[in-house]
Amino acid sequence: VKTDLRDGRLRVNSALFFSEATNQQQGTQEFDSSGAIWFRTVNTGKSEYYGLEVEVLSNPVDQLQLEAAVGYIHYERVDPGVSGLWRTLANGDLCTAPRTPEWTAAVGATYGWNLGNGSTLSLRGDATYQSKMFFRTDPINGFQDAHTLVDARLTWESADRGWSMSLFGTNLTDEVY
C-alpha cells in the first residue's frame, strides 16, 4: 500500500508478504577427512517466510526531509531436506535463517540551506538498527549481536549542481559488530 498525504509532503508505504521456498540454496562450511574447512552450497528443503515492512517519508517544511522504516521477517524451515542443515540451538530452538535479522529499522533526516550564491549546504543524519542475526553455519557461535549504527554527512553542492563536496562519518558511535 502506498499513500501520499498532506499535499505530497507525507508518504506512507507498507507491504505484507509471505513466501515459500523449496530447495533453497544455502552456503555451508564443513570439514573434510583431513580436518580442512571447505565451503559448499546445498539445497536445504522447504522454508517459509512472512513479514511486514513500513516506510514513512515526510517533508514537514521545505528544507527538512524525514524518513523512518521498520521491517519484520519470520523465517521457518518446515522441511529439512537432505542437506543436514536442520540445525538446533542448545535449548532445542531451530536456528534462524542465515543473514536474515528478524527486525530492522532506520531513521534519517536531512536539512538543507540555500546559500546566497545559488549553492546549497545540507546536513544529514542516519541511524540503522538490526536485530541479532544467524551469520554462519555454526549454530553455537554463529550469531552476530543486534547493533545500531549512526552516520552523518555535511554536503556542499555547487550552484549548477555540477559537483559537490562532502564531509562524512560512518559508525560514529564506534559500534563493534
The test is side chain to side chain contact (heavy atoms under 4.5 Å, CB included); show your working for L154 and F168 and say whether it passes.
CA-CA 6 Å; L154 180 66; F168 63 93; over 6 Å; no
Test item: K46 and E20 side chains (from C-beta on) under 4.5 Å apart, heavy atoms
yes
Closer than 4.0 angstrom, basic N to acidic O: yes or no for R11 and D4?
yes
Path from F143 to V176 over hydrophobic side-chain contacts below 4.5 Å
no
Nearest 0.5 Å please: distance from the OG atom of S119 over to the CH2 atom of W163.
9.0 Å
After noting the C-alpha distance and the side-chain angles of Y129 and L149, does the key distance pass the side chain to side chain contact (heavy atoms under 4.5 Å, CB included) rule?
CA-CA 7 Å; Y129 168 79; L149 301 177; over 6 Å; no
For the CG atom of L64 and the OG atom of S122, what is their distance to the nearest 0.5 Å?
12.0 Å
Out of curiosity, R153 CZ to S166 OG, how far, rounded to the nearest 0.5 Å?
5.0 Å
Can you label the angle between the Y50 ring and the Y72 ring as parallel, tilted or perpendicular, going by 30° and 60°?
tilted
With side chain to side chain contact (heavy atoms under 4.5 Å, CB included) as the test, would you mind laying out the steps for F17 and I73 before giving the verdict?
CA-CA 9 Å; F17 59 89; I73 186 168; 4.1 Å; yes
Strictly below 4.0 Å, N to O, side chains only: are R124 and D126 in salt-bridge contact?
yes
Which heavy-atom pair separates N117 from A159 by the least distance, and what is that distance?
O-CB, 3.5 Å
What heavy-atom pair brings E102 and S131 nearest, and what distance separates the two atoms?
N-OG, 3.1 Å
Do F18 and E48 come close enough that some side-chain heavy atom pair is under 4.5 Å?
yes
Membership question, hydrophobic clusters at under 4.5 Å side-chain separation (ILVMFWY): are L66 and L123 in the same one?
yes
Nearest heavy-atom approach of L52 to L16 is CD1-CD2, 3.6 Å
Give me the atom names and distance for the closest heavy-atom approach of D145 to H147.
O-ND1, 3.2 Å
Quick one: closest heavy-atom pair of E175 and A146, and the distance?
OE2-O, 4.4 Å
Using a 4.5 Å cut-off on heavy atoms from C-beta on, say whether the side chain of T173 contacts that of N171.
yes
Given side chains that start at C-beta, do those of L57 and L10 come closer than 4.5 Å, heavy atoms only?
no
Residues in salt bridge (Lys or Arg N to Asp or Glu O under 4.0 Å) with E157, at least two apart?
R161
Got more than 12 heavy atoms from elsewhere within 6.0 Å of OH, Y111?
yes
Please test L121 against L115 for side chain to side chain contact (heavy atoms under 4.5 Å, CB included), starting from the C-alpha separation and ending with a verdict.
CA-CA 7 Å; L121 186 66; L115 303 179; 4.3 Å; yes
Sub-4.5 Å side-chain heavy-atom contact between Q130 and W103:
no
If every non-hydrogen atom of S34 is compared with every non-hydrogen atom of D32, which pair is closest and at what distance?
OG-OD1, 2.7 Å
Would you please indicate if the ring centroids of W113 and W156 are separated by under 6.0 Å?
no
For R9 and N59, indicate whether the former's side chain and the latter's backbone hold a donor-acceptor pair under 3.5 Å.
yes
